[in-house]
Amino acid sequence: MKIAIVGAGIVGMSTAYELARDGHEVTVLEQHSAAAEEASFANAGLLSPHLLTPWAAPGLGTPLKLMGRRATLRLAQGVKGADLAWLWRWRRAARRGTQAAQLSALEGLARYSQQRLQQIAAQHELDFESNQGRLILLRTPQEQARWQPMLQVLRDAGVALREVDADAARQIEPGLCPETPLAGALHLPDAMAGNCRLFAQLLRQGTQAGGVQFALGTRVVRLTSQPMGVQVHGESGTRPFDAVVLCAGMASAALLRPLGLRLPLAAVHGYSVSAPLREALHAPVASVVDSLQQITITRLGQRVRIAGGAELGGQDADHHAPTLQQLYRTMNEWFPGGALLSSGLQVWRGARPTLPDGAPVVGASGVPGLWLNTGHGAGGWALASGCARAVADLIGQRSPDVSLDGLGIQRF
């Protein structure tokens, strides 16, 4: 089949890889001049388990606060009515609580995705600055109690985890500051992290060498259904394809609307600071998550990436200085001296295209020939390889090896 993929983030690149592997003629259309320029550019880097990632699903982790210095979500300049409507739906989902079965299915997809990613990396000898193992740092006994209901869901989903005390946590991550209060931690020995953008770029190089066509700097302005195809900016005609897979992040909702499909996406912006490694013994071995602050600290080769914050607002909003200061402060609290924070920094603000229930839309759109793989929120990197393989199986009229129940667009 002749297939177009709209979007060259980690989800689009993973989808291109799987479809090309199945023998399809694949073209990737991307509005930027390179792959992985938006949500995949400098994210936290966390792979499976997904549900312990900040903003994985409504109601998980730290309770939602909108006001004050410890707000978990802030409203930035450029916030719109649609953002507030999305927030209302997210808060309603958080109050009701996500069903354990749905959470377990989502975690199962993340585990399947990590396995698929590892297969791809091993087969093609891809070095994407990966590491293994994670600690969820719990500052107080109250945090420990809050996570208890989730732990059984994770165990039921097959996630290996154990609760450890502060001494054991500091043995696992020797660089942790002994003076920072720590009640205990959750240790996930099989968890992974890695450089999302690097992996996407490696996929781009490999798939292009294998015959995948890339139309970079090409903005799709319309999806057409009769015939199936795309119309790009500056062209009056339609480029026809046998199928189109929409992996366009925040642009997905606008492209679907003329077809009568509503996708309540919101851009939940987060921040990251990537800093040169200063002293390896004082830096994380792998990755840690500060549960209270919802901030992650991840070792990526010779750098340390600190990521966190959540904002609803415009793409061009100014960087929020207090949020960035909190990233620096949290790094210094846990790993003082581990990273060089005075120079050579990459500071990034990027959008997580998020749906009100935290899960992506994956599968058939209801429009013949149009397939969806978008809206992954905080889980794009963790879910990309699994979702891509599942969509490729569906297009090839095969049953995926993982359940996609509850991930269809019909839920909206």
Side-chain angles (χ1 to χ4, degrees), residues 44 46-65 70 72-73 90-114 132-166 168-169 172-173 182-193 268 270 286-298 307-308 310 352 354-360 376-383 386 402-403 405-407:
L46 303 186
L47 290 159
S48 178
H50 170 53
L51 293 179
L52 290 179
T53 299
W55 287 91
L60 299 185
T62 303
L64 183 64
K65 296 180 181 179
R70 293 192 177 275
T72 52
L73 175 69
W90 177 277
R91 296 187 72 177
R92 183 177 64 174
R95 286 193 297 268
R96 290 179 176 177
T98 308
Q99 295 297 317
Q102 182 182 359
L103 294 175
S104 181
L106 195 59
E107 191 55 57
L109 176 59
R111 195 154 55 99
Y112 172 75
S113 185
Q114 179 169 306
Q132 187 166 333
R134 187 176 311 151
L135 281 179
I136 312 296
L137 303 176
L138 307 171
R139 293 173 181 256
T140 67
Q142 290 77 12
E143 286 183 77
Q144 291 177 307
R146 188 165 57 242
W147 277 109
Q148 289 306 311
M150 177 52 56
L151 300 188
Q152 190 57 49
V153 172
L154 292 169
R155 292 187 175 105
D156 291 344
V159 175
L161 65 87
R162 62 191 182 105
E163 300 177 74
V164 300
D165 61 21
I172 296 166
E173 282 285 357
L182 180 63
L186 306 177
H187 180 220
L188 301 119
D190 298 333
M192 282 187 66
V268 181
S287 61
V288 302
V289 179
D290 185 316
S291 172
L292 179 64
Q293 303 291 348
Q294 291 192 294
I295 289 173
T296 67
I297 305 172
T298 308
R352 313 176 190 104
T354 307
L355 289 160
D357 59 1
H376 295 74
W381 180 212
L383 302 173
V402 66
S403 173
D405 290 347
L407 300 185

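Numbering starts at 1 and runs along the sequence shown. Because only heavy atoms are used, hydrogens play no part in the values below, and waters and symmetry mates are left out as well, while side chains stay in.
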Heavy-atom distance under 4.5 Å between the side chains of [X] and [Y], does that happen here?
X      : Y      : answer
Trp90  : Thr354 : yes
Thr140 : Leu292 : no
Arg92  : Pro356 : no
Val159 : Leu51  : no
Leu186 : Glu163 : yes
Thr296 : Ser287 : no
Val288 : Asp290 : no

For Arg139 and Ala183, indicate whether the former's side chain and the latter's backbone hold a donor-acceptor pair under 3.5 Å.
->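 Between the backbone of Ala183 and the side chain of Arg139 there is no qualifying donor-acceptor contact (under 3.5 Å).
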Is a donor on one side and an acceptor on the other found under 3.5 Å between the side chain of Glu107 and the backbone of Ala157?
->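 No; judged by distance alone, with no hydrogens or angles, the pair does not exist.
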Quick one: closest heavy-atom pair of [X] and [Y], and the distance?
X      : Y      : answer
Ser113 : Ala382 : OG-O, 3.0 Å
Ala44  : Thr298 : O-OG1, 3.3 Å
Leu182 : Ala169 : CD2-CB, 4.0 Å
His50  : Ala110 : CB-CB, 3.6 Å
Ala378 : Pro54  : CB-O, 3.5 Å
Ala191 : Pro49  : CB-CD, 3.4 Å

Which distance, rounded to the nearest 0.5 Å, do you find between the [atom1] of [X] and the [atom2] of [Y]?
X      : Y      : atom1 : atom2 : answer
Met150 : Leu103 : CE    : CG    : 4.5 Å
Met192 : Leu46  : CE    : CG    : 11.5 Å
Gln142 : Gln144 : CD    : CD    : 9.0 Å
Ile295 : Leu137 : CD1   : CG    : 11.5 Å
Leu106 : Arg111 : CG    : CZ    : 12.5 Å
Leu383 : Gln114 : CG    : CD    : 11.0 Å

Please lay out, stage by stage, how Leu52 and Leu188 fare under the test side chain to side chain contact (heavy atoms under 4.5 Å, CB included).
-> CA-CA 10 Å; Leu52 290 179; Leu188 301 119; 3.5 Å; yes
Take Ser291 and Trp147, measure what side chain to side chain donor-acceptor pair (under 3.5 Å) needs, and give me the verdict at the end.
-> CA-CA 10 Å; Ser291 172; Trp147 277 109; 2.8 Å; yes
Among Val164, Leu161, Ile136, which residue meets the side chain to side chain contact (heavy atoms under 4.5 Å, CB included) test with His187?
->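 One option only clears the test, and that one is Val164.
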